[in-house]
Amino acid sequence: MKASKVVEGVEGMYIQFLWKDIKRSFTNIGFFSGSFGLGALLMYNFVTESFHSGSPYYAIVNILAASGFVVFLPVFPVLGYASRFCEEYESGYYRLLLARIKPQKFAQVRISSVALSGGTIIALPYLLICLVAICLEAPELAEANSLGLDASGVNVLRVDSNIEMVFIGQTYGIGVMVAVKVLLGFLFGATWAIVGLAFAVWMPNQYVSLIAPFVLYESLYILLPNYLNPALLVRGDDAGHLLSVVMECVWLFAAVAVAMTGFKRRCWDE
């Protein structure tokens, strides 16, 4: 009876710490800075590159493709909560946390909160800008495949339905297209936030955890082919949406494995 109460108490403490850590990951200045900064950049890209294109399909596909935007995308998710461990390590506060919760549980909680925070930083602004594109553009104008005149004689850019994400939108509805785009954005944000956490655990320096993921991302962007390239997978247009989702999950699991190994090295003996 006593043993079961102890287990319940430990599990209750674990759940309580999980919810508190998730709450902190969504209520810090880095999360709001990343979300608003990304939202402002997406809106700028929409206004300058896609607004009045005559098609929400074109606008949604073009938002991440415009102005080389994806080159800078990993800057945002790491702002949320990835470097939090550096502060805890430098102050010694992480030892207090490990006295209250097992190292394995601490690692699981922190990885979960960082992933949710980083994924939301990308997914939420992208969802909002897709909704703006749907509201301001006209879906019926995207049925043709070439540049031409609409019924009123206005020159309209029509979208090539051979683009996979456009085909998804025209076949299954623009809501499905938006859902796939947002999912790809969430997986991307979660992955690169955890990459930042991995650097924070292996090398507890706040500047390293914020800058190193960007350097790694740029190297991968230059070296890897389309079906492995994280900068192209987040768009879903080059490698295909299904393969992009699968490969982003592979990147996510790889980042989790590296972060967990770092936690074992840093915290298991504390």
Side-chain angles (χ1 to χ4, degrees), residues 34-35 38 42 45 56-66 68-78 80 82 111-131 133-134 142 159-198 213-214 216-260:
S35 299
L38 176 58
L42 287 173
N45 280 355
Y57 302 118
Y58 172 80
I60 292 171
V61 167
N62 196 50
I63 286 169
L64 279 184
F69 168 71
V70 292
V71 176
F72 305 99
L73 196 55
V75 171
F76 300 99
V78 298
I111 289 173
S112 299
S113 58
V114 168
L116 288 172
S117 176
T120 304
I121 285 176
I122 300 295
L124 183 59
Y126 199 60
L127 172 61
L128 294 177
I129 200 66
C130 286
L131 295 177
I134 292 173
V159 184
D160 186 354
S161 60
N162 291 325
I163 298 175
E164 182 166 353
M165 295 304 289
V166 174
F167 175 78
I168 291 173
Q170 293 180 342
T171 305
Y172 303 105
I174 198 166
V176 175
M177 177 184 179
V178 171
V180 173
K181 281 287 192 177
V182 172
L183 174 61
L184 290 170
F186 180 86
L187 293 173
F188 179 95
T191 298
W192 287 96
I194 294 176
V195 170
L197 174 64
F214 177 72
L216 174 62
Y217 177 85
E218 292 302 311
S219 301
L220 296 175
Y221 175 70
I222 295 171
L223 298 174
L224 293 183
N226 289 5
Y227 65 92
L228 289 175
N229 198 315
L232 300 180
L233 294 175
V234 70
R235 292 172 52 188
D237 301 314
D238 301 276
H241 67 288
L242 290 178
L243 179 59
S244 295
V245 170
V246 170
M247 292 309 302
E248 285 209 337
C249 287
V250 170
W251 280 114
L252 178 59
F253 292 141
V256 169
V258 174
M260 184 61 76

- Query: Is there a side-chain contact between Leu42 and Leu128, using heavy atoms and a 4.5 Å cut-off?
  - Reply: no
- Does Ser117 reach the main-chain N or O of Ser113 with its side chain, forming a donor-acceptor pair under 3.5 Å? no
- Task: Answer yes or no: is there a side-chain heavy-atom contact under 4.5 Å between Asn229 and Leu220?
- Result: no
- Item | Which residues share a side-chain contact (heavy atoms from CB on, under 4.5 Å) with Ser244, sequence neighbours left out | Leu184, Leu233, Ala239
- Do Val195 and Val78 come close enough that some side-chain heavy atom pair is under 4.5 Å? no
- Straight-line distance of Leu252 CG to Met247 CE, nearest 0.5 Å: 12.0 Å
- Please report the closest heavy-atom contact between Ala59 and Ala133, naming both atoms and the distance. CB-CB, 3.9 Å
- Closest non-hydrogen atom pair between Cys249 and Leu187, with its separation: SG-CD1, 4.1 Å
- Message: Which heavy atom of Ala82 sits nearest to which heavy atom of Ala193, and what is that distance?
- Response: CB-O, 3.4 Å
- Message: Any heavy-atom pair between the side chains of Ile122 and Phe186 that's under 4.5 Å?
- Response: no
- For the residue pair Glu248 and Leu183, establish whether any side-chain heavy-atom pair is separated by less than 4.5 Å. no
- Under the ring pair (Phe, Tyr, Trp, His ring centres under 6.0 Å) rule, collect the residues that match up with Tyr217, sequence neighbours excluded. Phe188, Trp192
- Query: Distance-only, no hydrogens or angles: does the Lys181 side chain make a donor-acceptor pair with backbone N or O of Arg235 under 3.5 Å?
  - Reply: yes
- Of the non-hydrogen atoms in Pro125 and Ser35, which two are nearest, and what is the gap between them? CG-O, 3.6 Å
- Spatial distance of atom OG (Ser112) from atom CD1 (Ile194) [nearest 0.5 Å]: 8.0 Å
- Message: Can you confirm whether Met177 sits close enough to Tyr172 that some side-chain heavy atom of one is under 4.5 Å from a side-chain heavy atom of the other?
- Response: no
- Kindly check if the number of other-residue, nucleotide or ligand heavy atoms within 6.0 Å of OH (Tyr221) is above 12? no
- Which pair of non-hydrogen atoms, one from Ala198 and one from Val258, has the smallest distance, and what is that distance? CB-CG1, 4.0 Å
- Item | Pro56 side chain near Ile174 side chain, heavy-atom distance below 4.5 Å | yes
- Would you give the length of the straight line joining atom CG of Leu232 to atom CG of Asn226, rounded to the nearest 0.5 angstrom? 5.0 Å
